Structure formats: C-alpha cells, structure tokens
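What follows is a single structure, written as structure tokens, with notes after it.
Letters go in sequence order (proteins before strands), and every chain restarts at 1. This structure is a prediction, so every number in the text was calculated from the model and none was measured. Quick note: numbers below take in every heavy atom, side chains included, and nothing from hydrogens, waters or symmetry partners.
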Amino acid sequence: MPPVELWRSLDDLAGDPTLRELVSREFPAHADEMLASSRRDFLKLMGASVALAGMTACRRWPSELIVPFAHRPEGYVPGSTLQYATSLDVGGAATGLLVTSYDGRPIKIEGNPSHPQSLGATDPCAQATVLQLYDPDRSQGVVQREGSGEPAPRTVEAFTTWARTHFASLDASKGAGLRVLAEPSSSLALLAIRERFARRFPGAVWVEWDPLSRDAAREGATLAFGRPLRTHLALERADVIAAFDADLLFDDPAALANARAWARRRRAPDDVMNRLWAVEAGYSLTGGSADHRIAVPSVLVPVVLGRVAAVLARAGALPGLPPETRAALERFSSHSFDDPRIAALARDLAGAPGRSAVVVGPRQPAAAHALAHLLNHGLANAGVTVWYSEDPEPARPSHREAIARLAGDLNAGVVDTVVVLGGNPAYDAPRDLDLAGKLSHVKTAIRLGLYDDETSEVCDWHVPQAHYLESWGDARGWDGTAGIVQPLIRPLYDGMSAIELIALVADGKTTPGYDLVRATWQARLPSPDFERAWRRIVHDGVAEGTRFVAVAPELSPGAAAPIAALADAELPRAGTYELTFSRSASLHDGRYANLGWLAELPDPVTKLTWDNAALLHPEDAKALGVKRNGDRVAIEADGRELTVPAFLLPGQAKGSIGLDLGWGRRRAGRVGDAVGVDAYALRSSDSLWRAEARVARRPGTDALASTQDHHIVDTLGKREQAIRAEELVRTGTLEEFLENRAFARERVEIPPDAPLWTPHAYPGHKWGLAIDLTACTGCHACTIACQAENNIPVVGPAEVRRGREMHWIRVDRYFAGDPAAPRLAFQPMACHHCETAPCEQVCPVAATVHDHEGLNVMVYNRCVGTRYCSNNCPYKVRRFNWFNNHKHATAVEMMVMNPEVTVRSRGVMEKCTYCLQRIEAVKIAAKNEARAIRDGEIVPACAQVCPTEAIVFGDLNDPESRVRAAHDDPRCYGVLEEVNTKPRTRYLARLTNPARGEA
Amino acid sequence: MTQQGPNTVFVFPAWVDELKPFIAAAGVGLPIYLVALVWYGGSPATTDVGYAPQQPVAYSHALHAGELGIDCRYCHNTVEVAAHAAVPPTQTCMNCHTNIRGTSPKLAAVRESSATGMPIPWVRVHDLPDYVYFNHSAHVRRGVGCVECHGRIDAMDVVYQAKKLSMGWCLDCHRNPDAHLRPPEAATQMDWEPPKGVDRTAFGKTIRERLKLAPSEDCSTCHR
Amino acid sequence: MAVATLERPSRDNTSSDPARRAPLVLAGNDYASVTEKVCRIVEVRKPPRAWTLAFTIAASFTGILGLMVLYLITTGVGVWGLNKPVSWGFDITNFVFWVGIGHAGTLISAILYLFRQQWRTGINRFAEAMTIFAVICALLFPGIHVGRIWFEYWIAPLPNQMSMWPNFRSPLLWDFFAVGTYFTVSLVFWYMGLIPDIATIRDRATTKARRIAYGLLAMGWRGSNRHWHRYERAYLLLAALATPLVLSVHSVVSFDFATSMLPGWHATIFPPYFVAGAIFGGFAMVLMLAVPCRQWFGVKDVITPRHLENMCKIVLATGMMVGYAYAIEFFIAWYSGNPVEGFVFINRAFGPYAWAYWTMVFCNVATPQVFWSRRARSNPWVIFAVAVFVNIGMWFERFVIIVTTLSRDFLPSSWNSYTPTWVEVLTLMGSFGLFFTLFLLFLRFLPMIAMAEVKAIMPAPHGEAHR
Amino acid sequence: MTWGLLAEFAGPAELVSAAERLRDGGYTRWDAHTPFPVHGLDAAMGIRPTRLPWLVLGAGICGCGGGLLMQWWMNAVAYPLIVSGKPFNSLPASIPVAFELTILLASLTAFGAMMVANGLPRFRHPLFASREFLRATTDAFFIAVEAADPKFDLEATEAALRALGASRVVRVEGDA
C-alpha cells in the first residue's frame, strides 16, 4: 500500500472537524481505537493493578471505550506498526530515516539502510526528533507582536491574507528592502521556489546562516582549486587517516557513512587494519577512537599539518610541488612547536600513497584546508580516498560574510522586511552583530519557527513551523543523494513548512507542500511513468542517481601565500588561553535544547548531562585555582564575560579551553530554559571557532549532573579505577593480537569452577549479544535508541545528580594508560542476561527470573521493589523507579510511547530486555508463517542504530549466526566472568593499530 | 471453726467462661472466613465474569453470528494476522445495512457514524490488564477457538465476559492445552466438536503434535 | 530476720568469693516487700515526673515517624537519599540495628535460663519487653522500604489468582520467616512469664476496672501447683527452642549480605560475627535502660550492682569478639587474594567513609575496654556512657557494611556516594521514639520485674531455702 | 454449697511436708497454691510428669516437614521458574524456612498445650471469691481440698489440715 495514499486518507479523515474536535481533546492524531485503547496501550501504567489491590470497584479497572474508524483505510491493520521512509535535513545535509508509526503515531526513528548517508544508522539527535514532534512547548499558532511586542494570537488565514497584501506591496521596489534569513537547506523544491522568488523580487537578498558553519572547507577549496568544491571521503579505501581537528566519525555531515567505512576496515584484523591519527585540542570521539592522538591547542593544528607537509615535501613524497608552495612549507620547519610523533605521522602517510587521507575540520582556517588538499593531491589520494564534487550553490557567500552584510544592511536601514526561515539567529548569530536588537527594529520581521523562541520574540510575526514529520519536502545528503520528506502525521498544530511559506511569498498564494514537492520532482523525473517513479522514491526514501558526480580538479598555485601565513600561528600570549567552541554532542547548535532525551544524554567524553562546562587541562586548572569539577570560572573574550563551571578533562590540550555551544537557552521551553550557559555570548563574527580569552576563578561551585564519577573520586579510588579499566575494557595492539589471539581472555584469571548441579539446558533459542569495542566510538546512539524503544523516562538534573538516571544502556567511559596522554575507552553496559544471574535468586517474589531462551526477564507487574536485585547486580545495570516518572506527562507527550512496552510505574525495577517485544513479534510472525527465524531478523534497538555495527544480537544455538561467530572470536571475553555470572552479553576486545615503534 | 469472711472481691460472672468455646470457634473460623472472602470475592470469577456493559448500538451477536451464521472474521478481520482482533469500522456494518433494514431506528447511530465519520464508542468487554500482551493471531492460528476465551458469543444478545481471564486461568490452558485445541481452520466455529467417538483431549493432543505446539509458561510470553 | 544474717550490711553484692552465694536481692526484702516494690510502680496514681517527660518526648517522635512514613508512601522511595549503586541505606541499616538490639531479651531469658543463671531473674522481664519493641521497630523498615508497599503481601506464600509463589531462594524471604518467628516466639515467651505476675497485680487490684483488665490478662491464674508443674516444663521447652532461634535470627539476617555476591558482604564469617554483634548491642541497650530505671523506680535492691556487673562482663566479651571479626575480615580479604574484596576493605578504612568506619571501631572496640576495671563496672554513669557509645557504634557497623560496599563495588563507572535526606534522619529518630514510647508504656502498666521468678530465688523466710 | 477447704501454711517448707502427708493420707482432689513454683512440691503432691514434651516434638516435626514440602511444591512443582540457573528444588535454600517453621510450631504448641492442659483461661473459680486467697499470688502458701474428694469430710478434713500445721483454715463456698 503506497504510504502516500494511506497518509492522505488519514489526512482526509482527520480533516473532519467533528472528529478532530473529539480527538483533539485527548490526542490530536487519529487512529483505530484512538481515544481509549491507544491511551490504554501506551499508558501501560501498573497503577491499574493498584486498584486491584484496593478492591475498590467491582471492576478491576475503569471501563474503556473502543473507538474504531468509521472508514478504515485500505489494508490497514489496527494495532500494528508500519515504517515509512523520510529524510532529516540538518545544516543542509540530509540523513535518510525510517520512521515507525503505530496507529498513525510516529513513535520511533531509525536509519534508512538504503540511504548512503545513513546505511541504517542514526545519530542520537535524529532519533530524538520524534520527541520534538510531540513537544508540548512547540508554538501552536500564529502570533503577532505589535510595536509593544505584546504577543497576540492570530489565525493562519489572517496571516496569509496579510502576507499576500504585504508582499504585493514590495513588488514596486522589486523587493529591494526584502531579506530572507534562512538556515541551510538542501531542498530541491526550495531551490525551485527560490528561482520564482528571485524572479519576483530581484532586489531581495537571500541570506543563509549556520552557527556551525563549515564554510572554511568551502573557502579552502576555493583557495586550492579556484572554486568552492565540496570534499567527500571514501574511508573504506584508506589505510592511514589523519584527522586534523576533524571529528569525522561523529560531528560531520557524512559522519554515519564515515564511521561505517572506518569501522569495516578495523573489523577483520587479519587484513591490514586502518590507522587513525588525530590532532586536536579537545577530546572528540574521533580522537577517542584514534590509534594516535596528538593534543595541541587548536591554533597549532595547522602548524602540525604544515610540519607534516614539510617533512613529506623534503622526502619528495609530494611530487610536482610549485616552488613557492615548497618555500611556504619550509617556513613550518622553523616553527617553535615540534613533536616527535609528527615525523612518524609523515612516515606513515608517505608509506601509504593513494591509501591515505588527510582531513581538516571546519574549525580550522581555509588555508589549512587548502594545505590538506595539497597533501591529498601530492599523496595521490585525490579521487581515491578523497573525492570532490561541485558545490550545489557555488555563488553563495560564506555564512560569516552573509550574516555580517545583513547586519550592515539592517544598520543602514535599507531593509524593511526580513523573513526568518527556521534557525534561531537571534540566539546563535555572532553576538558582536547584535542581530536580535537589529531585528526588533526592522519594520517587518516574519519568523517561521518550531518554537516561539529568542528570534520570534524580536519578530513581528511568528508562524509555527510544521515539523518535518508533519510536512512534505525533500532533502539531499552530503553526497547529494536526494530523498523525499514525507509526513507521518497531520500537523498537530497549525503549522507551515519553509517551502510553503516561501511559496506564499514568491507566488502570493498558498500551495500545499505536497504539490510543491511533487511539481519539483515532476520536472526531474521521466514524464511517462512519473507516477511509478515518484511512488518508488517516496517509498524508498532515496532517489536513484542523484549522487553528486565526482570531479577531478587541478591545484591552483594561489594557495601558497595563505598557507605560508599559517606558519606564523603562535600560542596565546601568557596569561590568556585559547577558547575553542564546539557543537554540543546532544543539543547540536541548541535547536534540541527542549528535548529531555538529549538534555539528559551524557556527553560521551565528560558524561555531563543538563550542563555544559569549560573543559580544562588539569594543569591549567591548578594554575587557575580550580580544585574540582563545577568550580566557577569567568571567561572573558572579545570584551564579553561569561561565568561557567569548570571541568577537568584529561587529554585536553594544555592552554586550550573547550566550551560547548547550544546551551543556556532563554526561550527553549519548559525543559530547556536556563540549562547550562550560553557560549554564543562569547562568539564574534571574526572568532567563530576560536577566541583568545582571559580566565579567572570565581567564587562558588556548581553541582554538575554527571552520570559517571558522581562524587569526587579520592586518590585511592582513582588508582583503583585505573587498574580496573584495563580489566574491563581490554585493549591490545594489533601486534599483540597477532602474537596471541586470546590475549584478552588471559588478561584476567578465571578460577576453575565446577557446577554443583547440572546447569539448565537451553535447547530452543539461546539469545546472546556481542559488542565489538574496536568498533564502538562511544556515540551514544544506542542509549537514545533504547530510550525511545523502551519508554525510558527522563528524570531531570536533580535526580541525575543523585545518580538516578534511567538509561538502560550506560556507555562507560574510562581514561586508561598514561595520565598525561590518556587513552579514551568506551564500553556500552546493559543487562548481561547472566545465565547464573545474581539478581534472580535474591528476589523474594520471583519478579525477575530466566525464561527458557535464557533471557533474564524483569516482570514489572510482579515487582514489589526491594531493590535487592540491583544491589546484587555486579554490573549495576538495573534501574529503579524512585518516583512516578510519568506523573506530569501530558497525553500528547505520552503519544511517543511504544505501546509494545509496559510503561513502568513507581516503585518497580527495570532494565534491558534485549528488546523482548521485538523478539516476541518476530517469533509470533515466524510461527504464523510456519518458518524458522532468520539470523539478523531480530534486531534490538541498540544494534539497529549503531553506526559502526558494533552490536550484534542473535541465537547462540544457531551455528551460522553472527553472534555465535562473535562469541567464538578469540577476542571475545566476558566482563566479570571471574565471578561466574555466565553473561550472555560479551565483548570483543578493543584493538588499536599504532604505528610500529610508536605504541 | 472460722467462718469465711464477707466477700467483697469482684469475680467474673459465670457467662464469661461460657463464652470460651465461642471465642475459640471464632478464633479458628474467622481466618478461614477471611481467606474465603478474599479468595472468592477477589477472584475474577466474581469481579469480572458476567460483565456485560450497555453498548451504544444494540448489536446482537446471537443474531449475526448465531442465526445468520456470519463468520467472526467477517468483522474481526485482523484476528489471524494481528494481536488485536480489530473492532470493525462502521463501514463494515454499512456493507449490509445500506440495503437491509436501511431505515431501522435501531441503526440510527450506525448510519450517523458512517455519514459523519464519527466513530461509534463501543465499550470494551474483554479487558486484560495493561501489562498483559495477548496476541490473537498466535492463538487462533494454533487452533485455540474463539469460544475457549470468549464463550458462546453466538448465543449472546449482549456480549458478556464468560471466562475468568486471570493469570492462573491462562496458565491452566498453557499447561494442559490438549483439551482446548481444535483444527485451526475450525477456530471460529463456535459449536465445533471432535469427530464422533474421539476423545476431545486425545484429539487435541494430535493437533498439538501436528502443529508442534509447546505453550510457554515463561513470564516473557505475556509480560514485556 | 533470718535473711539479714545471710547478707553483708553493704549494698554491694559484687563479691566473687566462691565460698558463699552472693544474694541477688538486697536490703532484707521478703516476698511481700518485693511484691510491693514492683507493683507500686504500676499502682501509683501519678507516675514519676521523669516518666511523664520522657513519654511526652518519645510520643512526639513517634508522631514524626508516622508523618515520615506517610510522606514516603504517598510520594515514593525517592524521598530518601538512595541512588543507583546504593539502593539500601538507612532503611536496612536501621532494620539490622533494631533486630540486633532485639537479641538480648530472649537471650537472657532463654540461654541464661538453660545455664541456670539465677541473676537473670532481676532483668529478664524488661529485657524481653525491650526485645519485643525493638523487633517491632525492626519490622517497620523492611515494611516501608519497598517500592510498592501495597503488594508486599506477595512475599507471603498465599494462594492467589496468578498461581504465583514466592521465591524461597531469596534471603529476604528467610528474613521474613526468621524475624516473624522470632517476634511471635518472643511475644509468647514474654507473655507466659507475665501471667503469674499479672495475677499478682490482679489480686492487689483496688478498683473493679483494674481487676477486670488484669483479670482477663492473667487468664485466671491461681498459682495452682498442678499448673506450675506444666508451666515450668513449657517454659523450659520454650527456652530450649528459643536458644537456637536467637542464634538463627541474626544469622539469617546476615545471610542477606553473606549470600549476596558483593565484595565485603560475601563472607562466611558473617553469621557468628552478626550474632556476637547483636548480643553486644543488645546488652548495651539493656544496660542503657536498666541504669536509669532502677534509679527512677527504686528497684535497686532487685536490679543490683551484681546484675549490672555481669552484663558489663558480657559486653566486654562480645565486644572483643566483634573486634576480632573486624580484624579477621581484613585478613580474609587479603588472604583470599581477591583484589575487589581487598579494595573494599582498604576503601572502608581509608576511603570516603573512613570517618564512619573509625567511629565504629572506636565505639565498639575501644570504649568497652574500660570494663576491665572493676570500678568502671560498678559505676552506673560509666556503664551508661559506654552503653550509649556501643549503641552508636553498632548502628555505624551496619551503616559501614551496607554503604561502603554498595557505593564502590565491581564497576568503577557506577560508583557513587550516599547521603541521607532529612526524611531518613527523622525516620531513624522516629523509630527510637516508637521504641521508647512502647517501653515506657510497659513500665507503667506491666510489672517490670519477674516477681514470681525473683521470689523463687530468694531465701525462704524460715530455715534454709529449698534448693 | 461448700466447694472445699483452704488451708494456709507459713512457708514453702511447711507446705511441702504438709503436702507429703496429705498425699499419703490418700486425698486425690486437692491442690497447692503458691506465689512461685516451690521445688519438691511436685513430688510431695505425687504429680505425674506431663507429656507436654512429646506434643512439642511432634509439632516440631510437622513444622519442619511441612516447611520442606511447601517449598518443594511451590518452587519445583506448582510453578518451576529458572532462578539464577539453580535447580528447581535445592535443599540448602530450604533449610532456613523449614527451621523457622519448626521452631514456630513447636513453641506455639508448648504454650497452647500448657494452657489447655491447665484448663486456662478460667475466669471464674470458687477460690477467687475468697479474700484470703488473694495473697496466694503474693506471699501466702495454701492447700485447697475440694469437697468433691471422696475422702472429704468438713470437720475431719479441717482437723487434718490443722494437724498438718495450717496456720488457718477457711471454708470456700461456691460450685465448680
């Protein structure tokens, strides 16, 4: 059944005013058994059985209504789930998604396997957008702010009529005073409409702003090749990867694809395993997974790159280098900074021509990117591990220039109308431009946004934006692959999509998004059987053959001078520090600030939740008089000061301070307001990523909500932690492994144990799980996937501080090895389903027992809550509901709940179930079809989203299964096996591949 | 000889000792009574069985399923493929009732619903606790007849809960399924009987072996 | 009178001269005077001012306890300071503490009875009462600490519609049976001992109301020798049954920890170690109560210095056992070669909770040493002070065992610290309130000394006694 | 109607010797009342040892056996669940509960049987009506001979009691 049809029929249905009225009382969506039964389904609160104990009524629980469709859509099976393909465009690069819908409610977001920019994986943020859909704080109607700024509700009709007349009035001036301030978008439909827009308003200027702009790369390409080419990686071909301040495994438009390719090359250690070098200031996940990490202040990263280039040039590894460039490189060798590992890196690169990749991150200046292009060409990587494509918008000025120019125009008063499409410029534009102030003074400012936020506050009109799960659109991945954005639910509130609004401006009439997108694609797709092609694209979520074509550009000599200039980079003057800004791993640029899942998602490296902090090298901390995490420091940059809690981070470059953007929102919503500090306050247009800062200790200490090292660990504990980290996350070099494949098993002595009785046999299925620590980058996608799948509540900062976070998957982070240059080690920890589970024997009411397939089942409705099981769990993976965590959840918020999983009441224990509901679903289906279950048919939420395929689940009794193979792998070991828990979850030891003699 | 002095001491009246047997009886009987009270009073057999709420439309299964012999699956058409045996859309009623009794006042609500698209708010009769996951397809396809859990729906004018539907009741059947099994194709046949002279349990046993059924007692089967 | 000749004029009967039996009742008391002394406490119209004051304070704390429990049940266990690794804190600490206190009474009445320790008669009655009340306080905590109190009855093996049964492998279930049995048996034992004395009060009763009330409680006891015959045999049997029971209860409580797999809990030494600790703490509590009681209620002749001294000796002995256990735990941890086990103990002594550990060691091991000196043993104030210290120490012992182990077990990633909230603190204080409320009511309405038993060991008024 | 005679003696020793002679005198329906158990009096009165211990033993065995059976049935028969991979029925785990039940039943039996055998509770008794008798629970030692005794004769028995050294003899009215 084509999703379009389904959706439209649903749409028609919900279009019915009476039903909408009826339904909107509880749920603004619509589905079989909507009113009562769905509520019942996803309010699976065991409060119901409290009534049982009370024996109050003669019925055990209040009677319920079943409200079926009057007209059920074709082939639609009530109470079952369907998956639809769509795309999420963030910062102009899309990820392909599969969205699970239950009775018309989107409840889960996963990656679209057929989309090259997802390959079935997703990052935490994309998964959490489903929570955003149901966010009760989203703006729910058009708001007009007259001069006084007092918000007054308006109808959409009122706005559209006003807009029509207003924009008609601009025709005379050809829109000279019209500006559109938009967030980056890869939508083809938008491009098409923009053409119409430009035709109507030739005088208007389209300004694009992205607080996490990657334009440095564009400019670098312009330096190197004369035009703003887009750079792509093909890591599957790379043996040596050198990442210079580039988090290509996590914070990158193609991160998912990169991570997958990178991990595949580390999988089979018998072949050559790739080697990853990271040069960076703060700890990125790429740095955490690197075989070698050189921690230098961000400002010195180009110097390291230059020195490498110089060595290579000397060694003649860079043929055909123009003399002036050669001279430029020479300047680096005389730079004061040096590090022995630089030579090793150069050797390594020289040893792998055409099989290496030099990558520079967006926070580095254009020249550094140019230098990287230079190296990749010299090392014959261009076109192999690195390839280039034309930029979709070559004419576009860089974000920095564009926003600055807009600010100028606003100052000059030549602007009378500004249309702000999404984004949140008043919050995230460089503060020196004071965009908020200027917007509030412009004659007419129209804002399309999901929330009535900082920007809407200063605009005359706020128009609620339709969530991407509610609207039609299209988007292209970083590699150009295009996909359709299709709605899964009718807009909960009166919402408009960006293309609909711009179409209104350009055409002077409202056109449904569906028609706009369809029209755009009609122009691109073969006319005869367009309908089939269109449906196919909508169904698959991917349009074949839309990938960018690779180009083979020639180096232009112009880059020499700017490259030479890099060599003048110097460390910050004494008494000042280098302050680097970075994207928040969870809140992105701040757009997700109101999503509890993400606010409570621990930062992979610091494990901080509900907070950002100034990351300090321990020695810098000592110098500043910062004794422990949370001590306040004042950071002063570009004349503005900010007081931030400090966090001592081993592995942070000395002299460099890291600070996450995206926190400290003022108008994010009930969840996100005043959480963390707003780092944008220190950001200026000429120091987007790096600023020189003065830092001073301020009195007071903030209690940071961390999910690890909750209390200050004393020296005694620290010593012990270091010892145990080695035993828990067993790490070895490729060499060690090849010498002794079972090295991991031999790390810890397992006392011989003869069972006192004959152990239970598991003849049927025997579920098991394996996690490959070599592949795990610690991105926390599994944690969020689990939270979404299993209705895990958000408990808030106060409870996290108490150590009561509920995540079923805890990604343990250890710093191992030399404290000066510590190794980062991640270990996802969930219930191990031990065959001799210590938790079970201590439960007085048999609420946690084994089933006959070896699952350690936790029966919530039997639990009385003695918490003894948690005490006796050596892995501490059980979570207790200290309070009723759903007490204040509104019905709309509850719509995100997975009806296949019980919502736990107060006072019961919960934990990982290996996604029991998914196992049961497949088992029943298979049995109905009288067939066996195929390996890989059952995929737990965590395994499904893992970008590096680190998690494998399956039947240990199936000799062909991947999990069986993993458990038989010589690298495989069980954590705490020595206490004879016989865990079903086992780990594959972490392998690193340091350069010979550099380990 | 000294006479016994005047008695001013309080002494319990005789009836106090008479009471002893009764107190003893109460001491033994009361706990027994309380246990019985909770056991039967709290049993779903008391609290749930016979629950027959008033429905918005006086739909009679006795008429449709019984006399007219319409198969359960005509309306509850998802029962073999999904967990829910979906309550039919108004549409389904109208398939027939546009022509038959098209004007009957009894069907006013149905006609209105189909006209306005307003659903008919049926009242749920068989209502398991929210933490119990029952899958219709898993049972119907394994030869557990509708009648086993719902009773003779085809004889009910107003549907009521016929069985306890308590956990213990479910377990009884999962432990000894034979007496409750039938050929899957006969699942919806209310009055199905094993072939003449064949013992029900023995027949069920053959079904169980043919379909390789092993009903599970695992918690994970119903609780997630 | 003849009794006088048997006794030195002094009030000190702590002589250890084996040649002559030291009297256990002083100052020429005879049957009537002992009866008078003990019954007067129950019969006087106005209780001593000290009693009234103490009762007011205790009762108000009981009220606070009620409020705290109400708040807990309506809001959730989250109102306590517990967290992920530390799922047990004050709750179970208090439980084990009170159960421990509850050991002295039955021990005195049962074991000393079997050993024919006649000096027990002066103190056994109120020691048993103390046991009952302590066990009530103990039972409170497992009762309220669970997440869903309304389903707690699932722990009992009752037939039910789910056909579910409790899990008899769980030490918590053993606890349920052990403590439950202990409470019942102690109660029976205590009440049985009370019957003859209640009869005495009944027969001294001056008002009809008292005669009815005590009459019912006395169950028509007539002091018939045919009754005494069976009574004594039953008492002996109960003592014989209660003796293994006392030893078993705290062993079973220790199983909660010993049969778990956590470092610092998983130790075979726990049962004896816990029992010794319980007797230690129990006797300390008896002393703490006896010293002021004999003062206020003028029963110094019955609860004599000799009684106090004997108990001091027991406290000293059991204190040494506990100290030995503390030491041997470290040895075992080292000798086992289990690094995790080893760390737990080093962490106890030098980690974040070192302060608690050393408080415990000081109170339980150091302070009782003063009882080596005879002068300390015979000075009520010293005795009282030491008793208080020991009680504090024994509470901390349980705190240290529970919290230090939980806060730092196998995976450093989930280590965390534990700080109680005001709710927990007030609940603990409230449990003391409950204990003293009950105890003070007992003192006021029931004979605090087993008169019949005391009389039985008093020399007969004429000629030599029959023993 | 006369229930019997109540004779008071000076102390335990006197009571015992009196009891011996009364016993030898062939009296059967009589009893001694003392504030505390007087040792040697049982023999003096010729009371046969009670069979209480056997009852208690029986109860204990029932408790133990019942406890073991219950646990075996509930965890291994009625609903066997895999717990920590342990056998469904494991004796070691059953010991504590079985032990506690043993003690519980035995103790309750010891107390209950004693009361029943003593015919307690009994709130009304002719002796309660006598004021002299009030001291029986404090410091007085009595022998009471019932009129129902075949050898009972008001004058003769009273004389006999005085001869045994009773400091005082009173008649007790009422019927048992």
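With a threshold of 4.5 angstrom between heavy atoms, I92(C) does not approach chain A through any atom at all. With a threshold of 4.5 angstrom between heavy atoms, R906(A) approaches chain C through its backbone and through its side chain. Contact annotation for R810(A): only side-chain heavy atoms (C-beta onward) come within less than 4.5 Å of a heavy atom of chain C. Both the backbone and the side chain of Y868(A) come within less than 4.5 Å of a heavy atom in chain C. Residue N338(C): no heavy atom, backbone or side chain, is found under 4.5 Å from chain A. Contact of T715(A) with chain C is not made at all, since no heavy-atom distance falls under 4.5 Å. Contact of W174(C) with chain A is not made at all, since no heavy-atom distance falls under 4.5 Å. For M909(A), no part lies under 4.5 angstrom from a heavy atom of chain C. Residue contact with chain A, scored on non-hydrogen atoms closer than 4.5 Å, is absent for T405(C). With a 4.5 angstrom heavy-atom cutoff, E840(A) touches chain C only via backbone atoms.
Of the listed residues C873(A), A846(A), G865(A), the one with more heavy-atom pairs under 4.5 angstrom with chain C than any other is G865(A). Of the residues considered (P838(A), S870(A), C863(A)), C863(A) shows the highest number of contacts with chain C, using heavy-atom pairs under 4.5 Å. Of the listed residues (L716(A), L728(A), D812(A)), the one with the most heavy-atom contacts under 4.5 Å to chain C is L716(A).
A salt bridge links E805(A) with K84(C); the closest basic N to acidic carboxylate O contact falls under 4.0 Å.
Using a 4.5 Å heavy-atom threshold, the side chains of E720(A) and N347(C) count as separate.
Each of S414(C), P412(C), S413(C) was evaluated against Q708(A); a single residue qualifies, S413(C), per the side-chain contact (heavy atoms from CB on, under 4.5 Å) test.
Nearest heavy atom pair, residue R867(A) against residue V77(C), reads NH1-CG1, 3.7 Å. Considering all non-hydrogen atoms of both residues, R408(C) and D714(A) come closest at NH2-OD1, 2.7 Å.
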Verdict with reasoning, R802(A) to T421(C), per side chain to side chain contact (heavy atoms under 4.5 Å, CB included)
CA-CA 11 Å; R802(A) 273 244 173 81; T421(C) 61; 3.4 Å; yes
